[in-house]
Trainee: 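Following this message is one structure expressed as structure tokens.
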Amino acid sequence: MTALWVAVALVVAGFAGWPVTALVFRLARTIDDKADAAKAAEEARTAEEDPSADATSDLIPDAGSGGGGQAVDNELTTPPGRTPSNAPAAGPAAPSQRILRGGAIIGVLERLGVCLAILTGQPVAIAYIVAIKGLGRFAELKETPVAAERFIIGTLTSMLWAAGTAAAVKVLFLH
């Protein structure tokens with residue numbers, strides 16, 4: 001019977017953790033989007049109130065953009081609330097390189113490892129899991145702040161889910 005509960009804990013921790021992690025990522029993105037919108041609105045309000053922010057005398061039409069944008073010191077600018085005419089119409093541009101490739105598979109393995117470490121009474125193994133995961137991603141995390149943030153959110157969510165699942169099974173079924 002113990003083997004059955006260990007198997008159930010591993011399946012729940014490893015595979016049911018993915019939707020939980022995806023939900024946390026969605027929540028984090030929603031919070032970031034709201035913060036970005038509030039920051040943009042505050043900057044626009046400040047720019048409207050600040051007379052020194054009026055740089056109309058320095059604006060030069062940008063011939064390459066079809067008149068949609070304006071160049072100030074060779075930088076494409078647009079009025080607040082508008083996008084340049086050559087910008088993509090919907091959504092952010094697709095990145096040329098995927099961030100944190102293989103994260104879903106690594107996440108499942110991480111949750112399985114954390115759950116197994118707790119069920120076998122070897123919590124120090126969790127430190128090895130985190131160290132291996134961090135070292136494997138170090139170069140990518142160092143280069144990309146977005147990847148680092150995603151790595152932290154995903155790792156903490158996965159580990160909490162796996163630890164909670166293992167602890168619940170251990171307390172409730174594996175006295």
Side-chain angles (χ1 to χ4, degrees), residues 1-43 69 75-76 78 83-175:
M1 192 63 161
T2 299
L4 174 67
W5 288 118
V6 169
V8 167
L10 289 172
V11 168
V12 171
F15 299 102
W18 177 81
V20 173
T21 304
L23 178 66
V24 171
F25 280 137
R26 190 174 313 126
L27 177 63
R29 187 175 52 232
T30 300
I31 292 169
D32 287 346
D33 289 347
K34 287 181 182 178
D36 290 345
K39 183 178 178 183
E42 178 64 25
E43 287 174 356
E75 198 171 311
L76 185 64
T78 58
T83 58
S85 60
N86 60 352
S96 59
Q97 180 180 1
R98 286 183 50 205
I99 296 174
L100 300 177
R101 294 176 309 143
I105 294 170
I106 293 169
V108 169
L109 294 172
E110 170 191 7
R111 288 186 295 273
L112 290 172
V114 169
C115 185
L116 197 58
I118 291 173
L119 290 175
T120 59
Q122 300 294 323
V124 75
I126 297 170
Y128 294 126
I129 293 167
V130 173
I132 291 168
K133 188 175 177 188
L135 287 173
R137 295 283 196 190
F138 181 74
E140 190 173 4
L141 298 176
K142 187 176 176 183
E143 292 176 6
T144 315
V146 172
E149 182 178 319
R150 188 171 174 86
F151 177 85
I152 292 168
I153 291 170
T155 298
L156 288 176
T157 303
S158 284
M159 294 186 106
L160 287 172
W161 176 261
T165 301
V169 167
K170 194 168 187 175
V171 167
L172 296 174
F173 304 110
L174 304 175
H175 310 281

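All values below were derived from every heavy atom in this structure, side-chain atoms included, with hydrogens, water molecules and symmetry-related copies excluded. One-based numbering along the sequence shown.
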Trainee: So which heavy atom on Ala167 is nearest to which on Ile118, and how close?
Mentor: N-CG2, 4.4 Å
Trainee: Taking all non-hydrogen atoms of both residues, which atom of Ala166 and which atom of Leu119 are closest, and how far apart?
Mentor: O-CD2, 3.6 Å
Trainee: Within a strict 4.5 Å, meaning less than it, do heavy atoms of the Phe173 and Val8 side chains meet?
Mentor: no
Trainee: Which one of Asp33, Asp32, Leu27 satisfies the side chain to side chain contact (heavy atoms under 4.5 Å, CB included) criterion with Arg29?
Mentor: Asp33
Trainee: Can you name the one residue among Thr21, Ile129, Leu160 that meets side chain to side chain contact (heavy atoms under 4.5 Å, CB included) with Arg111?
Mentor: Thr21
Trainee: For Leu4, I'd like to know if atom CG has over 12 heavy atoms of other residues, nucleotides or ligands within 6.0 Å.
Mentor: yes
Trainee: Which heavy atom in Ala162 sits nearest to a heavy atom in Ala13, and how many Å separate them?
Mentor: CA-CB, 4.0 Å
Trainee: Once you round to the nearest 0.5 Å, how far does SG of Cys115 lie from CE of Met159?
Mentor: 12.0 Å
Trainee: Please name the pair of heavy atoms, one in Ala9 and one in Val169, separated by the smallest distance, quoted to 0.1 Å.
Mentor: CB-CG2, 3.7 Å
Trainee: Taking the side chain as C-beta and beyond, is there a heavy-atom pair between Val108 and Trp18 under 4.5 Å?
Mentor: no
Trainee: From Phe151 CZ over to Thr144 OG1, what is the distance, rounded to the nearest 0.5 angstrom?
Mentor: 13.0 Å
Trainee: With rounding to the nearest 0.5 Å, note down the distance linking CG in Leu112 to CG in Leu116.
Mentor: 8.0 Å
Trainee: If I compare all heavy atoms of Ile126 with all of Ala117, which pair ends up nearest, and what's the gap?
Mentor: CG1-CB, 4.0 Å
Trainee: Which value, rounded to the nearest 0.5 Å, describes the distance between Ile132 atom CD1 and Glu110 atom CD?
Mentor: 11.0 Å
Trainee: Report the residues that fulfil side chain to side chain contact (heavy atoms under 4.5 Å, CB included) with Ile153, sequence neighbours left out, ordered by chain and then residue number.
Mentor: Val24, Phe25, Ala28, Glu149, Thr157
Trainee: Using salt bridge (charged side-chain N to carboxylate O under 4.0 Å, His left out) as the criterion, list what pairs up with Arg137, not counting sequence neighbours.
Mentor: Glu140
